[in-house]
Amino acid sequence: MLTFRAMTEKDLPRVAVIEKAAGSHPWRTSHFIDSLKSRHCCQVAVMNNTIVGQGVMMLVADEAHLLILSVHGGFQGQGIGKAILRQLTEKAQQCEVRSFFLEVRESNTTARQLYANEGFNEIGRRRGYYPLSGGLSEDAIVMAMEIFP
Ligand SMILES: CC(C)(COP(=O)(O)OP(=O)(O)OC[C@H]1O[C@@H](n2cnc3c(N)ncnc32)[C@H](O)[C@@H]1OP(=O)(O)O)[C@@H](O)C(=O)NCCC(=O)NCCS
């Protein structure tokens, strides 16, 4: 069974393992420490007493911003990413935010499909937002969902 709870500092070693095993561009542990200190909404998904994924959402005024969403590579494709996103969306609804925003790499078709399926629309593009090696960069697609318009 999949459950959710707030992330704590004690979870950070396992959270770091998941970041490395998620297969994308990992967040450093310092990012999670900053998010916990800033009291962002930091959630972990737990299966059989093991953390299998995590998500961090920042609430600012009447907006929510998804900062990170990661599922361990060995657990991807089982609905866990969707479940974490729904958990965060529920928390955003409880806080009566109006809009939920996120940025995603243009090449991340899996995440873009997940967000589109969950009701996010593409509202813009930030050119060259993500630096790549060799002086290259990748665009960010900005997506948003109205929660309480
Ligand atoms: C993106 C990520 C969080 C999705 O988590 P997941 O648990 O694998 O995804 P789910 O099993 O919940 O699938 C959710 C949706 O994603 C899409 N999806 C999942 N796997 C996919 C694949 N291999 N190809 C295309 N779309 C896929 C589908 O639309 C799926 O919805 P459906 O099952 O209703 O068809 C996960 O792949 C991950 O951690 N990736 C690396 C980190 C990352 O890119 N994070 C997002 C940064 S913005």
Side-chain angles (χ1 to χ4, degrees), residues 1-8 11-36 38-60 63-95 97-134 136-147:
M1 193 181 75
L2 191 68
T3 57
F4 302 93
R5 63 169 173 77
M7 184 188 294
T8 70
D11 297 324
L12 293 181
R14 174 65 186 168
V15 163
V17 168
I18 290 168
E19 282 302 304
K20 287 200 187 92
S24 186
H25 300 264
W27 252 25
R28 289 195 295 273
T29 295
S30 60
H31 289 129
F32 288 100
I33 292 173
D34 288 347
S35 289
L36 288 168
S38 303
R39 298 184 177 278
H40 295 336
C41 179
C42 305
Q43 291 278 306
V44 290
V46 181
M47 194 184 263
N48 299 328
N49 288 322
T50 306
I51 298 174
V52 292
Q54 55 238 4
V56 175
M57 176 180 70
M58 176 174 70
L59 295 169
V60 184
E63 295 178 0
H65 294 257
L66 183 69
L67 302 186
I68 188 86
L69 176 65
S70 311
V71 174
H72 188 292
F75 294 87
Q76 288 176 8
Q78 300 177 32
I80 297 170
K82 190 191 313 190
I84 299 171
L85 185 61
R86 286 186 180 177
Q87 170 78 359
L88 293 173
T89 305
E90 208 175 293
K91 294 211 169 281
Q93 282 166 342
Q94 284 163 7
C95 294
V97 307
R98 291 179 61 171
S99 311
F100 195 174
F101 295 94
L102 62 84
E103 281 130 20
V104 57
R105 288 171 189 269
E106 184 176 26
S107 63
N108 194 345
T109 48
T110 301
R112 285 176 66 182
Q113 189 61 57
L114 163 63
Y115 300 140
N117 288 356
E118 290 304 297
F120 285 84
N121 297 305
E122 293 191 14
I123 58 161
R125 170 184 293 263
R126 297 208 170 105
R127 295 208 182 272
Y129 187 71
Y130 297 108
L132 299 173
S133 57
L136 300 173
S137 63
E138 179 172 6
D139 290 356
I141 305 299
V142 184
M143 302 184 81
M145 173 167 60
E146 294 304 313
I147 292 186

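Keep in mind it's a predicted model, so treat the numbers as computed, not measured. Atoms within a ligand are numbered from 1 in the order they appear, just like the ligands themselves.
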Engineer: Does G79 come within less than 4.0 Å of ligand 1, judged by its heavy atoms?
Structural biologist: yes
Engineer: For ligand 1, which is the ligand I care about here, please tell me if G23 has any N or O atom under 3.5 Å from one of the ligand's N or O atoms.
Structural biologist: no
Engineer: Report yes if some N/O of A83 lies less than 3.5 Å from some N/O of ligand 1; otherwise report no.
Structural biologist: no
Engineer: Just to check, does T109 reach to within less than 4.0 Å of ligand 1 when the distance is taken from its heavy atoms?
Structural biologist: no
Engineer: Please lay out, stage by stage, how L66 and L85 fare under the test side-chain contact (heavy atoms from CB on, under 4.5 Å).
Structural biologist: CA-CA 9 Å; L66 183 69; L85 185 61; 4.2 Å; yes
Engineer: On a heavy-atom basis, which atom in C95 and which in L59 lie closest, and how many Å separate them?
Structural biologist: SG-CD1, 3.7 Å
Engineer: Scan the protein's non-hydrogen atoms and note whether one is under 4.0 Å from atom 2 (C) of ligand 1.
Structural biologist: no
Engineer: Does atom 13 (O) of ligand 1 have any protein heavy atom closer than 4.0 Å?
Structural biologist: no
Engineer: Using the side-chain contact (heavy atoms from CB on, under 4.5 Å) rule, take E19 and I68 through it: C-alpha gap first, then chi angles, then the decisive distance, then the call.
Structural biologist: CA-CA 10 Å; E19 282 302 304; I68 188 86; 3.9 Å; yes
Engineer: Kindly confirm or rule out an N or O of A111 lying under 3.5 angstrom from an N or O of ligand 1.
Structural biologist: no
Engineer: Mind checking the CE-CG spacing from M145 to N121? Nearest 0.5 Å is all I need.
Structural biologist: 9.5 Å
Engineer: Which of the numbered atoms in ligand 1 are under 4.0 angstrom from any heavy atom belonging to S70?
Structural biologist: 39 (O)
Engineer: Students should be able to answer this: which protein heavy-atom is nearest to atom 21 (C) of ligand 1, and at what distance?
Structural biologist: T110 CG2, 3.4 Å
Engineer: Distance alone, cut at 3.5 Å: any donor-acceptor contact between the side chains of T89 and E118?
Structural biologist: no
Engineer: Give the residue and atom name of whichever protein heavy atom lies nearest to atom 45 (N) of ligand 1, and the separation in Å to one decimal.
Structural biologist: L69 O, 2.7 Å
Engineer: Report yes if V104 has an N/O atom closer than 3.5 Å to an N/O atom of ligand 1; otherwise report no.
Structural biologist: no
Engineer: Measure the CZ-CD distance between R5 and Q87 for me, rounded to the nearest 0.5 Å.
Structural biologist: 12.0 Å
Engineer: Tell me the protein heavy atom at minimum distance from atom 39 (O) of ligand 1, and give that distance in Å.
Structural biologist: V71 N, 2.8 Å
Engineer: Could you walk me through whether V44 and R14 pass side-chain contact (heavy atoms from CB on, under 4.5 Å), step by step?
Structural biologist: CA-CA 10 Å; V44 290; R14 174 65 186 168; over 6 Å; no
Engineer: Between H65 and F101, how do the two ring planes meet: parallel, tilted or perpendicular, split at 30° and 60°?
Structural biologist: parallel
Engineer: Rounded to the nearest 0.5 Å, how far apart are CZ of F4 and CD of Q54?
Structural biologist: 12.5 Å
Engineer: At what distance is the nearest protein heavy atom to atom 40 (N) of ligand 1, and which residue and atom is it?
Structural biologist: Q76 NE2, 3.7 Å
Engineer: Would you say N108 has any N or O atom under 3.5 Å from an N or O of ligand 1, going by distance alone?
Structural biologist: yes
Engineer: I need the minimum non-hydrogen distance between D139 and Y130, along with the two atoms involved.
Structural biologist: O-CD1, 3.9 Å
Engineer: Please assess M7 against V15 for the test side-chain contact (heavy atoms from CB on, under 4.5 Å), listing each intermediate value before the final yes or no.
Structural biologist: CA-CA 9 Å; M7 184 188 294; V15 163; 4.0 Å; yes
Engineer: Under 3.5 Å, N or O to N or O, is N117 touching ligand 1 that way?
Structural biologist: yes
Engineer: Please state which protein non-hydrogen atom is closest to atom 16 (O) of ligand 1 and give its distance, to 0.1 Å?
Structural biologist: L114 CB, 3.5 Å
Engineer: What is the nearest protein non-hydrogen atom to atom 42 (C) of ligand 1, stated with its residue, atom name and distance?
Structural biologist: S24 CB, 3.5 Å
Engineer: Among protein heavy atoms, which sits nearest to atom 7 (O) of ligand 1, and what does the distance come to when rounded to 0.1 Å?
Structural biologist: G81 N, 2.8 Å
Engineer: For atom 8 (O) of ligand 1, what's the nearest protein heavy-atom neighbour? Residue, atom name and distance, please.
Structural biologist: G77 N, 2.9 Å
Engineer: How close do M143 and R112 get, heavy atom to heavy atom, and via which atoms?
Structural biologist: CE-O, 4.2 Å
Engineer: Which class fits the ring pair H72 and F75: parallel under 30°, tilted 30 to 60°, perpendicular over 60°?
Structural biologist: perpendicular
Engineer: Quick one: which of Q54, K82, R112, R105 has a heavy atom closest to atom 34 (O) of ligand 1?
Structural biologist: K82
Engineer: Could you say whether the N/O atoms of Y115 and ligand 1 ever approach to under 3.5 Å?
Structural biologist: no
